[in-house]
> 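Can you keep this structure in mind? I'll have questions shortly.
Basis for what follows: all heavy atoms, side chains included, without hydrogens, waters or symmetry-related copies. A quick note: this is a predicted structure, and the numbers were derived from the prediction, not measured. Protein chains get the first letters and strands the later ones, always in sequence-line order, with residue 1 at the start of each.
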Number of protein chains: 2
Amino acid sequence: MAQKNKLQFIILGLLNQQPLTGYDLTKAFENEIGEFWQAQHSQIYPQLKRLETQGYIAHEVTVSGAKLEKKLYHITTEGSAILRDWISTGTPDLTATKDEFILKLYFIRSNHDPRLPEMLQEQLQLHTTKYHHLQQRLKTVFTDPASKQAHYGHYLILQHALGREEYYVDWLKQSLAALPTAR
Amino acid sequence: MAQKNKLQFIILGLLNQQPLTGYDLTKAFENEIGEFWQAQHSQIYPQLKRLETQGYIAHEVTVSGAKLEKKLYHITTEGSAILRDWISTGTPDLTATKDEFILKLYFIRSNHDPRLPEMLQEQLQLHTTKYHHLQQRLKTVFTDPASKQAHYGHYLILQHALGREEYYVDWLKQSLAALPTAR
DNA sequence: TACTATCATGTAATTAATTACATGTTTTAA
DNA sequence: TTAAAACATGTAATTAATTACATGATAGTA
């Protein structure tokens, strides 16, 4: 396998909460899920077909207006089972984060490199924006303690992402401060 | 493009430091670089050919022993130029970290889910090990201040990775502690 | 009524990346 | 001296993922 095809499990996981169309799933990747996983509709529709062939999901056609057909997919018992399996199975592989900025940094040899300040500054701006964005999401998605209870995993990972960005920003600030002053 | 083919730049970056064979490069991905990027030899050898066709690198054949041929690649002036371009160009896309554990967590609805403790525990173990490993590397790779000076970018990102793991471990511990106690 | 944004579903082409297949040499240690 | 580990270089098959191509319906608004 080139990857472990996690997309199938994400789809199963989302359908396990409620029936959705391919379009709905695509939207989910632009919002909620998009925070930590991406997929385009060109990947989603074929995957839905495969999952249905395997018997893990099924669909019924509904018609909106005069003739617009929607395929509303739902998870099957077998689908639920392999979703449970996937979640229950250990996750021993820590995937290296393929961060392009980090990669570029690796090839900077000297702390006097004139590109360093702007590079760090750009990332600081980006990660600060992301930090604020996550802060906002945490606030809007989990308004009351009950919503945390109902989506505890989501709460945990949003909190995790926020903390991660906070650290990233701190590290960038520290690295900028440690740079030799031009004079 | 499916990705932005960062591999070519990594190869150029490594060859910019010293001439290397395909085998050397493969090893580099198992050690140094492996900390934050992966590539197999089956990807490296074809990429070397492409880079040579493009005129960014060139090679000479050396013979070890009786007949074992090695291709020692070095970067060309043009190669150096596009490497510089890549590093100097902004890096505005923050790649979402595709962490399988995080993904699984997302589908855990309740903090009473019986799978939660073992899941968090497993990750705690893994990330603690990784943390210690990184701590060790930082110690062995950068023994004196001079080595930090000579490979400043590498120093920065190792430090960054260490801090990231430290935070991950903290977050896992906190999440474990916040779990409702079984009774 | 006409236009635009969004809804809705697909396929094709291309690139990236992993796993597997394939072969031969040199060095080191038992 | 012989066997194993490491050195060394490739190709093929498969899967994953992105970008581009392609089509049409519905809802809202100007």
Side-chain angles (χ1 to χ4, degrees), chain A residues 1-11 14-15 19-31 33-34 36-54 57 59-73 93 95-98 100 103, chain B residues 1-11 14-15 19-31 33-34 36-54 57 59-73 93 95-98 100 103:
Chain A
M1 290 164 265
Q3 279 284 85
K4 266 176 64 192
N5 194 1
K6 285 150 200 165
L7 177 63
Q8 64 179 320
F9 297 115
I10 303 174
I11 291 176
L14 291 169
L15 293 184
L20 296 167
T21 65
Y23 189 82
D24 295 333
L25 287 164
T26 304
K27 287 289 145 189
F29 279 94
E30 287 167 19
N31 311 312
I33 288 270
F36 52 93
W37 209 272
Q38 290 87 44
Q40 279 72 40
H41 78 277
S42 59
Q43 213 187 340
I44 290 166
Y45 288 108
Q47 185 64 64
L48 283 169
K49 288 200 170 174
R50 277 197 295 277
L51 284 168
E52 189 160 41
T53 307
Q54 293 171 297
I57 62 174
H59 80 271
E60 64 226 43
V61 175
T62 64
V63 178
S64 279
K67 46 180 157 172
L68 183 62
E69 295 195 344
K70 294 188 200 183
K71 294 184 178 176
L72 196 63
Y73 287 90
D93 299 316
T95 40
T97 43
K98 297 196 163 185
E100 190 174 2
L103 201 51
Chain B
M1 290 162 265
Q3 280 285 85
K4 264 177 65 193
N5 193 2
K6 285 151 201 163
L7 177 63
Q8 63 179 322
F9 297 115
I10 303 174
I11 291 177
L14 291 170
L15 293 185
L20 295 168
T21 66
Y23 189 82
D24 295 334
L25 287 164
T26 304
K27 287 290 144 187
F29 279 94
E30 286 167 19
N31 309 313
I33 288 272
F36 52 94
W37 210 273
Q38 288 87 43
Q40 279 71 40
H41 77 277
S42 60
Q43 214 187 338
I44 290 166
Y45 287 108
Q47 185 64 66
L48 283 170
K49 288 202 169 175
R50 277 196 295 277
L51 284 169
E52 188 159 40
T53 305
Q54 293 172 297
I57 61 174
H59 81 270
E60 63 226 45
V61 175
T62 64
V63 178
S64 280
K67 46 180 157 176
L68 185 62
E69 295 196 343
K70 293 187 199 183
K71 294 183 179 177
L72 195 63
Y73 287 91
D93 299 316
T95 40
T97 44
K98 296 196 163 184
E100 189 173 2
L103 201 51

> Starting from P on C:dT18, measure out to CG on A:N5 and report it in whole angstrom.
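Result: 15 Å.
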> Just wondering, do A:Q8 and A:L51 contact through their side chains at under 4.5 Å, heavy atoms?
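Sidechains of A:Q8 and A:L51: in contact.
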> Side-chain contact, heavy-atom cut-off 4.5 Å: A:I33 with A:Q38?
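No, side chains not in contact.
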> Do B:E60 and B:K71 meet the salt-bridge criterion of a basic N to acidic O distance under 4.0 Å?
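Judged by the 4.0 Å cut-off on N to carboxylate O distance, B:K71 and B:E60 do not form a salt bridge.
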> Within this structure, what is the NZ-to-P distance between A:K98 and C:dT15, rounded to whole angstrom?
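Computing the A:K98:NZ to C:dT15:P distance gives 18 Å.
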> Scan nucleotides 22-27 of chain D nucleotide by nucleotide, 5' to 3', and note B when protein non-hydrogen atoms come under 4.0 Å of the base, S if they reach only the sugar-phosphate, - if neither.
--BSS-
> Identify, between B:P46 and B:K27, the residue whose nearest nucleotide on DNA chain D lies closer to the 5' end.
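Upstream on the strand: B:K27.
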> B:I44 CD1 to D:dA8 P: how many Å, rounded?
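Atom CD1 in B:I44 sits about 14 Å away from atom P in D:dA8.
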> So, does B:K49 get its side chain near the phosphate of D:dT11, meaning an N or O under 4.0 Å from OP1 or OP2?
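It does, given that an N or O in the side chain of B:K49 lies less than 4.0 Å from OP1 or OP2 of D:dT11.
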> Check the pair B:L7 / B:Q43 against side chain to side chain contact (heavy atoms under 4.5 Å, CB included), numbers first and verdict last.
CA-CA 9 Å; B:L7 177 63; B:Q43 214 187 338; 3.8 Å; yes
> Rounded to the nearest angstrom, tell me the gap between atom CD in B:Q8 and atom P in C:dA17.
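The answer, rounded to whole Å, is 11 Å.
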> For B:T21, answer base if it contacts any base atom (sugar-phosphate contacts may also be present), sugar-phosphate if it contacts only those atoms, and nothing otherwise; contact means non-hydrogen atoms under 4.0 Å.
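Contact class for B:T21: sugar-phosphate only.
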> Let me know the distance between CZ of B:R50 and P of D:dG10, rounded to the nearest Å.
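Those two atoms, CZ and P, are 13 Å apart.
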> Within less than 4.0 Å of OP1 or OP2 of D:dT9, is there a side-chain N or O belonging to B:Y23?
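For B:Y23, the contact criterion (side-chain N or O under 4.0 Å from OP1 or OP2 of D:dT9) is not met.
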> Has B:K4 got a side-chain N or O lying under 4.0 Å from the OP1 or OP2 atom of C:dA16?
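So the side chain of B:K4 is outside the cut-off, no N or O lying under 4.0 Å from OP1 or OP2 of C:dA16.
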> Expressed in angstrom and rounded to an integer, what is the separation of A:Y45 atom OH from C:dC7 atom P?
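Nearest whole value for this atom pair: 11 Å.
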> Can you tell me how far the CG atom of B:L103 sits from the CZ atom of A:F9, to the nearest 0.5 Å?
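Output value for this atom pair is 10.0 Å.
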> Do the side chains of A:K49 and A:E52 get close enough for a salt bridge, i.e. N-O under 4.0 angstrom?
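The answer is no: the pair does not qualify as a salt bridge.
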> Nearest-Å distance, CG (A:L20) to P (C:dA8)?
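One finds 11 Å between P of C:dA8 and CG of A:L20, rounded.
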> Can you confirm if the NZ or CZ of A:K98 lies within 45° of the ring axis of B:W37 and under 6.0 Å from the centre of its six-membered ring?
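Yes, a cation-pi geometry.
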> Check the distance between D:dA12's P and B:Q43's CD and give it to me in whole angstrom.
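It is 17 Å, rounded to the nearest whole Å.
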